[in-house]
Structure formats: structure tokens, C-alpha cells
There are 2 protein chains.
Amino acid sequence: MNPDRPYAHLVTRLRETGLRPTRQRLALAKLLFEQGERHVTAESLHGEALAGSIRVSLATVYNTLHQFTQAGLLRQVVVDGARTYFDTNTRLHHHFFIEDDGELVDFPGEGVTVSGIPETPDGTEQTRVDVVVRVSRQSSAN
Amino acid sequence: MNPDRPYAHLVTRLRETGLRPTRQRLALAKLLFEQGERHVTAESLHGEALAGSIRVSLATVYNTLHQFTQAGLLRQVVVDGARTYFDTNTRLHHHFFIEDDGELVDFPGEGVTVSGIPETPDGTEQTRVDVVVRVSRQSSAN
DNA sequence: GTGTTTGCAAAGTGTTTGCAATTTA
DNA sequence: TAAATTGCAAACACTTTGCAAACAC
């Protein structure tokens with residue numbers, strides 16, 4: 001939080017994407033990128049910010065997440081319908097989706113092969129293949 | 001629409017699942033199951049019903065879609081985050097998702113193999129593997 | 001008749017937007 | 001100071017809910 005040394009690398013990273021390194025964006029970037037790979041929702045990140053005494057509005061969190069996504073710093077993940085997840089891992093990978101609690105877990109995409117996909121519909125080209133492995137917690141009672 | 005011959009097989013199908021074959025449920029079942037495999041949203045189905053002069057409320061459409069899903073007559077598909085799709089194809093299959101217009105296209109699951117999935121997270125077991133092949137319309141301008 | 005189902009309108013989520021006030025360069 | 005960004009509150013889209021009236025058996 002020292003304003004004299006405000007995470008130079010994050011400042012640079014934001015500048016490179018054409019986003020002004022504002023207090024809010026820096027704070028969110030710090031939460032997002034300074035603790036390994038993670039999955040957040042707008043609300044979870046907003047909660048973290050507030051918990052860390054970072055004053056930022058939910059609207060700004062949404063804006064920032066979308067701007068970061070557009071800049072290639074985040075990847076948007078759709079699994080659950082209800083909420084939108086953002087993933088700080090932008091490399092090729094897929095997801096386990098733990099149905100019981102809506103948690104996401106990455107797994108690397110390098111070793112994964114999907115074979116047997118038919119031709120894409122007329123006039124379309126393949127953008128990406130997403131694999132979601134849905135899992136549920138084993139209950140010994142089952 | 002002849003009340004004297006109200007689609008006996010649909011009536012039976014509903015009865016088997018423990019759902020009373022009400023006018024609304026029969027009408028929706030007819031729209032859903034009498035014209036091949038399809039993907040609907042609550043709103044699209046509601047629109048169809050109204051267009052076909054079937055008086056049914058949106059709330060009932062939602063209820064019915066969920067009841068049918070629970071009964072195994074439909075499958076819920078998550079791809080787009082904004083809306084929930086229901087698929088009358090309950091067999092093993094995957095989806096093309098046409099990003100430009102949010103349209104879904106099925107492809108059969110039999111020929112598809114996903115290899116290289118690591119072990120599921122601790123204490124969980126695999127429920128299902130969903131493959132979404134995202135495609136976009138080719139523009140000659142691109 | 002009795003329990004189920006429906007429809008309405010209201011409430012609930014998660015997300016987006018308009019705009020004045022603030023901040024950045 | 002000019003342009004970008006923020007925060008608020010209101011608006012949104014989609015979905016769920018509570019409850020009285022209508023319906024199925």
C-alpha cells in the first residue's frame with residue numbers, strides 16, 4: 001500500500017494494455033495476480049477488496065474484470081450459468097467444476113486431446129474447445 | 001388440439017414420471033418432443049406457446065422445464081451464462097456453441113474421446129464430461 | 001373433495017448503464 | 001485542463017417465489 005512503490009510491474013502491465021493504473025485497478029490487479037492462479041467472481045473479488053480495506057464499487061469491479069479480460073489478462077469461464085467466473089490463468093487449460101459448491105479447479109490443457117469432433121457447422125470456424133469435467137463430492141453414504 | 005385425443009403417448013410419458021398431464025404440460029411437451037431434437041430457453045418456449053395460442057404463464061414454463069429436467073426428459077445445458085438452455089436430446093452428446101448468436105448445435109458423443117484428463121480433485125468423483133466447441137461465423141472480410 | 005397445478009405479481013439474482021464528481025496525465 | 005475513471009443508484013434480464021384460484025383425479 002506504499003504509494004511510493006506501487007507495484008511497478010503491475011503499473012507497467014496495466015500501461016501496456018492502455019489502462020491507466022488507477023488506485024482501484026492496481027489494488028484489484030494485486031489481488032488477482034499476486035497470489036498464484038485463481039478464479040474469482042465479481043462479488044468474491046469485491047468482497048476481498050472490502051476485506052482488505054480497499055474502497056471500490058462493485059460496478060468498478062465489473063468494469064475492471066471486463067477490461068482485464070479484453071486485455072488478455074483474464075479469461076472468462078462459463079460453467080454455472082448463475083455467475084460469471086474469471087480465471088487468472090490465461091494459458092490453455094480446462095476445468096473441473098465441483099457441482100456441490102460451484103468451485104472451479106484448473107487442469108492443464110497440454111496433455112488433453114479431444115478426438116472425434118465432427119466438422120463445424122456450415123460457415124463457422126472453430127474458436128476453442130472447452131472441456132468441463134463435472135465432479136461431485138463422494139459421500140460415503142452413497 | 002382435439003381434447004378427445006390428447007396425444008396418448010405424451011399423456012403416458014408424463015404419467016410415468018408422476019406428473020399430471022395438465023393442459024399446459026401437454027402443450028409444452030408437444031412443442032418440445034413432437035418435432036425432433038431441439039434446444040429451447042424458457043422464453044423461446046413461452047413465445048412458441050403464445051404463438052400457438054396456448055395460454056401458459058412464463059412461470060409455468062420455468063416450472064415445467066425444471067420438472068421435465070428432473071424427470072430426465074430434458075437436459076439442462078450451460079454455455080452462455082446469460083440464459084439457460086434445455087435440450088430435448090438427453091443422450092450422450094456435446095455441443096457446438098455459435099458465439100455470434102448464442103445458438104447451440106448438438107453433435108453425438110459416441111465418437112468423441114477426451115484423453116489426458118488428470119485425476120479428479122480429492123474426494124470427488126467424475127459426473128460427466130462436457131465438451132463445448134466454440135465456433136464463430138467466418139467473415140470473408142477477416 | 002383433496003391435493004396438485006397454475007397464473008399473477010412481487011421479489012431476487014447477477015450484471016449493466018447514465019451521469020455527475022473525481023482522478024490521472 | 002482535457003480525457004479517463006469512478007461510484008452511485010437506477011435499470012436490466014432472467015429466474016424464483018408466495019399464494020389464491022382453477023384443475024385433475
Side-chain angles (χ1 to χ4, degrees), chain A residues 3-4 6-8 10-29 39-50 53-71 74 76-86 102 104, chain B residues 3-4 6-8 10-29 39-47 49-50 53-71 74 76-86 101-102 104:
Chain A
D4 294 318
Y7 288 83
L10 289 179
V11 173
T12 308
R13 208 165 166 193
L14 289 185
R15 281 237 170 72
E16 282 170 356
T17 68
L19 294 171
R20 286 189 181 174
T22 63
R23 181 175 58 72
Q24 290 87 336
R25 291 212 270 238
L26 270 172
L28 295 177
H39 301 98
V40 301
T41 63
E43 282 203 71
S44 75
L45 186 60
H46 186 230
E48 275 184 50
L50 296 188
S53 306
I54 297 157
R55 281 182 30 267
V56 61
S57 73
L58 186 54
T60 297
V61 173
Y62 273 107
N63 287 338
T64 303
L65 286 172
H66 286 137
Q67 290 155 353
F68 284 9
T69 300
Q70 203 161 343
L74 294 175
Q76 208 167 341
V77 186
V78 172
V79 264
D80 147 302
R83 63 188 82 255
T84 305
Y85 292 82
F86 294 85
L104 279 181
Chain B
D4 293 318
Y7 288 81
L10 289 179
V11 172
T12 309
R13 208 165 166 192
L14 289 184
R15 280 239 170 71
E16 282 170 357
T17 67
L19 295 171
R20 285 189 181 175
T22 62
R23 180 175 58 73
Q24 291 86 336
R25 292 212 269 238
L26 271 173
L28 295 177
H39 300 98
V40 300
T41 63
E43 282 203 71
S44 75
L45 187 60
H46 186 230
L50 296 188
S53 306
I54 298 156
R55 280 183 28 267
V56 60
S57 73
L58 185 54
T60 298
V61 173
Y62 274 106
N63 287 338
T64 304
L65 287 172
H66 286 139
Q67 290 155 353
F68 284 8
T69 300
Q70 204 162 341
L74 293 176
Q76 207 166 339
V77 186
V78 173
V79 263
D80 145 302
R83 63 188 85 255
T84 305
Y85 292 81
F86 294 85
D101 50 17
L104 278 181

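What you are looking at is a predicted structure, and each value in this text was computed from that prediction instead of being measured. Residue numbers begin at 1 in each chain, while the letters A, B, ... track the order of the sequences. Only heavy atoms go into these numbers, but all of them, side chains included; no hydrogens, no water, no symmetry mates.
Partners of Gln67(B) under the side chain to side chain donor-acceptor pair (under 3.5 Å) rule, at least two apart in sequence or in another chain, are Arg25(B). Residues satisfying the salt bridge (charged side-chain N to carboxylate O under 4.0 Å, His left out) criterion with Glu43(A), sequence neighbours excluded, are absent altogether.
Contacts with DNA chain C (heavy atom under 4.0 Å) in residues 13-21 of chain B: Arg20(B), listed by number.
One finds a side-chain N or O of Arg25(A) lying less than 4.0 angstrom from the OP1 or OP2 phosphate oxygen of dT5(D). Taking side-chain N and O atoms only, Thr22(A) has a distance below 4.0 Å to OP1 or OP2 of dT6(D). Distances shorter than 4.0 Å separate some side-chain N or O of Gln24(A) from OP1 or OP2 on dG7(D). Between Ser57(A) and dG7(D) there is a side-chain polar atom (N or O) within less than 4.0 angstrom of OP1 or OP2. For the pair His66(A) and dT16(C), the criterion of a side-chain N or O lying under 4.0 Å from OP1 or OP2 is met.
The distance from atom CZ of Arg23(B) to atom OG1 of Thr60(B), rounded to the nearest 0.5 Å, is 9.5 Å. In this structure, the separation between CG on Leu65(B) and CG on Leu28(B) is 7.0 Å, given to the nearest 0.5 Å. In this structure, CZ in Arg20(A) is found 13.5 Å from CG in Leu26(A), a value given to the nearest 0.5 Å.
Following rounding to the nearest Å, Arg55(A) (CZ) and dT5(D) (P) show an atom-to-atom distance of 19 Å. Regarding Tyr85(B), its OH atom lies at a distance of 13 Å from the C1' atom of dC14(D), rounded to whole Å. Note: CG (Leu65(A)) to P (dT6(D)) measures 12 Å, nearest angstrom. Spacing between atom CZ of Phe68(B) and atom C1' of dT5(C) amounts to 13 Å, rounded to whole angstrom units.
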Every protein N/O lying under 3.5 Å from an N/O of nucleotides 12-14 of chain C:
from, atom 1, to, atom 2, distance (Å)
dG14(C), OP1, Arg83(A), NH1, 3.2
dG14(C), OP1, Arg83(A), NH2, 3.0
dG14(C), OP2, Glu43(A), OE2, 3.0
dG14(C), O3', Ala82(A), O, 3.4

Identify all pairs in which a protein N or O lies below 3.5 Å from an N or O of nucleotides 17-21 of chain D, and state each distance.
none

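Base pairing in DNA chain D gives the following stems of 3 or more Watson-Crick or G-U pairs, range against range and under 3.5 Å: C:1-25 with D:1-25.
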